[in-house]
Visitor: 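Dumping the structure here so I can ask a few things about it.
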Amino acid sequence: PADTQIHAFSTPSLRSITATAFGSLSETQLGALTTAQVSSLGTAQLTALNSTKFAAFTEAQIEALTTTLVAGISNTNLTALGDTQLASLTATQVAALTIGQVGALTTDNVAALTETQIGALTTAQVKALSSTNLSALEATQAAALTTTQIAQLTTTQAGALTATDITELSAEQMGAFTSTLLARLGTEAVVALDANQIAEFNSTQVQSLTTTQLAALEASDVAEFNETQIAVLSATQVRALTATAVAALAETQLAALTT
């Protein structure tokens, strides 16, 4: 069909086109499809498109894809989409992406996701993000992570977080770290914690801090612990603090150590 005729196909007629024939349509013909036609496509037809042709879809056409079609997009085609196309995916469509698709996203792909899309990721999808991609999130994207998502991070992801990543998280988000995740933070990440973030730690979280992490804290970092947190430190944890840090403890903190 001519480029100007393809949009006249009824959805049943369009669905009757074989996957091979559909895959041979030109980029111009594909761009002429209406959103109603796009949403009626079969998975086999969509997967018949190579990455160049699939990337020819407009933002409106991408948004018209059903969740079934979205889940059927090949990793190659998904990662070939431009920033504006990826950003056009609705929250529902994002949540429909398979674990394999999320795991295949490049750092540039993830950087193109909006805050709404980041927040729409299921916990399983967040776990599927590579440590590199998670660490590369922009500050606004990191801020969009829910406490539920953060609590389900893998230990590998937590261990890869940098000092910059930590500064991008709110106190509430840091409070969502499980003891296991908190214990996997690198020393630079722990040192980057601010007073508000540390204040969110409950007793169990404080007790999960490793001696290596505590030994890396400077006096100013230890000063951010409140009396309740100081009181739950084990003898082993206290011994891990540097002499400078202990010497700088406030009277109220020292009193908490002896109670």
Side-chain angles (χ1 to χ4, degrees), residues 1-130 133 136-138 140-141 144-146 149:
D3 299 343
T4 56
Q5 296 175 322
I6 191 69
H7 70 274
F9 273 57
S10 65
T11 52
S13 297
L14 191 64
R15 284 291 296 270
S16 69
I17 298 175
T18 65
T20 301
F22 188 80
S24 68
L25 292 177
S26 69
E27 295 173 30
T28 304
Q29 289 173 313
L30 291 169
L33 293 172
T34 67
T35 53
Q37 288 175 313
V38 170
S39 63
S40 72
L41 294 175
T43 302
Q45 291 175 311
L46 195 67
T47 55
L49 299 175
N50 61 36
S51 58
T52 301
K53 290 185 177 181
F54 184 69
F57 276 122
T58 66
E59 289 78 10
Q61 289 174 315
I62 293 294
E63 190 174 345
L65 295 172
T66 65
T67 53
T68 300
L69 290 174
V70 168
I73 300 173
S74 70
N75 293 346
T76 300
N77 285 358
L78 180 65
T79 56
L81 290 176
D83 291 355
T84 55
Q85 291 169 310
L86 284 169
S88 69
L89 289 169
T90 66
T92 302
Q93 288 174 315
V94 168
L97 293 172
T98 67
I99 301 304
Q101 288 172 317
V102 174
L105 294 174
T106 67
T107 301
D108 287 340
N109 292 152
V110 175
L113 299 178
T114 67
E115 291 77 18
T116 299
Q117 290 173 319
I118 292 294
L121 291 170
T122 66
T123 54
Q125 289 174 318
V126 172
K127 285 184 176 182
L129 289 172
S130 70
N133 285 351
L137 290 177
E138 296 292 336
T140 52
Q141 291 177 308
L145 289 169
T146 67
Q149 289 172 320

Visitor: Would you compute the distance between atom OG1 of Thr67 and atom CD of Gln93 and round it to the nearest 0.5 angstrom?
Guide: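 Result: 8.5 Å between the selected atoms.
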Visitor: Output the distance between atom CG (Leu81) and atom CG (Asn109), rounded to the nearest 0.5 Å.
Guide: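 The CG atom of Leu81 sits 8.0 Å away from the CG atom of Asn109.
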Visitor: Could you report the tightest heavy-atom contact between Ala120 and Ala95, atom names first, then the distance?
Guide: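 What the structure gives for the nearest pair is O-CB, 3.9 Å.
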Visitor: Please give me the minimum heavy-atom distance between Ala19 and Ala44, naming the atom from each residue.
Guide: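 The answer is CB-O, 3.5 Å.
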Visitor: So which atom in Ser39 and which in Leu69 form the shortest heavy-atom distance, rounded to 0.1 Å?
Guide: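 Answer, listing the atom of Ser39 first, then Leu69: O-CD1, 4.0 Å.
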Visitor: Return the OG1 to CD1 distance between Thr140 and Ile118, rounded to the nearest 0.5 Å.
Guide: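 Interatomic distance, Thr140 OG1 to Ile118 CD1, rounded to 0.5 Å: 9.0 Å.
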Visitor: Give me the atom names and distance for the closest heavy-atom approach of Val94 to Gln125.
Guide: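 Scanning both residues, the minimum pair turns out to be O-NE2, 2.8 Å.
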Visitor: Give the minimum heavy-atom separation between Ser88 and Glu59, together with the two atoms involved.
Guide: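 Smallest heavy-atom distance, with atoms named: OG-O, 3.5 Å.
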Visitor: Which residues pass the side-chain contact (heavy atoms from CB on, under 4.5 Å) test with Ala60, not counting sequence neighbours?
Guide: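 Listed in chain order: Thr35, Thr58.
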Visitor: Taking all atoms of both residues into account, what is the closest heavy-atom pair of Gly119 and Thr146, and its distance?
Guide: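 Closest approach of Gly119 to Thr146: O-CG2, 4.3 Å.
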Visitor: Ignoring hydrogens and geometry, is there a side-chain-to-backbone donor-acceptor pair from Asn133 to Val110 under 3.5 Å?
Guide: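 Not confirmed, Asn133 side chain does not pair with Val110 backbone.
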Visitor: Any pair with a residue in residues 39-98 that passes ring pair (Phe, Tyr, Trp, His ring centres under 6.0 Å), sequence neighbours left out, goes on the list, sorted by first then second residue, please.
Guide: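 Those involving residues 39-98 are Phe54-Phe57.
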Visitor: Any side-chain to backbone donor/acceptor pair from Gln61 onto Val38? Under 3.5 Å, distance only.
Guide: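 Not a single qualifying donor-acceptor pair exists.
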Visitor: Indicate yes or no: at least one non-hydrogen side-chain atom of Leu46 is less than 4.5 angstrom from one of Leu65.
Guide: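 In contact.
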Visitor: Is there a donor-acceptor contact under 3.5 Å from the side chain of Gln149 to the main chain of Leu121?
Guide: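 Pair found, side chain donor or acceptor close to backbone of Leu121.
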Visitor: Not counting sequence neighbours, list each pair that qualifies as a side-chain hydrogen bond (donor to acceptor under 3.5 Å, both in side chains) and has a residue in residues 12-24.
Guide: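 The answer is Ser10-Ser13.
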Visitor: Give a yes or no on whether the backbone of Leu113 and the side-chain of Gln141 come within a donor-acceptor separation of less than 3.5 Å.
Guide: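 Present.
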Visitor: Can you list everything that forms a side-chain contact (heavy atoms from CB on, under 4.5 Å) with Thr11? Sequence neighbours excluded, please.
Guide: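 Here the qualifying residues are Ser40.
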Visitor: If the condition is side-chain contact (heavy atoms from CB on, under 4.5 Å), which residues does Ala112 pass it with, not counting sequence neighbours?
Guide: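 If we apply the side-chain contact (heavy atoms from CB on, under 4.5 Å) test to Ala112, skipping adjacent residues, the hits are Asp83, Leu86.
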Visitor: How far does CD1 of Ile62 sit from OG1 of Thr90, to the nearest 0.5 angstrom?
Guide: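 Taking CD1 in Ile62 and OG1 in Thr90, the distance rounds to 11.5 Å.
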Visitor: Rounded to the nearest 0.5 Å, how far does CG of Leu41 lie from CG of Leu49?
Guide: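 Interatomic distance, Leu49 CG to Leu41 CG, rounded to 0.5 Å: 8.0 Å.
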Visitor: Provide the full list of side-chain hydrogen bond (donor to acceptor under 3.5 Å, both in side chains) pairs with a residue in residues 42-54, sequence neighbours left out, each pair given once.
Guide: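 Not a single pair qualifies under side-chain hydrogen bond (donor to acceptor under 3.5 Å, both in side chains).
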Visitor: Measure the CG-OG1 distance between Asn75 and Thr98 for me, rounded to the nearest 0.5 Å.
Guide: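 Going from CG on Asn75 over to OG1 on Thr98, the span is 6.5 Å.
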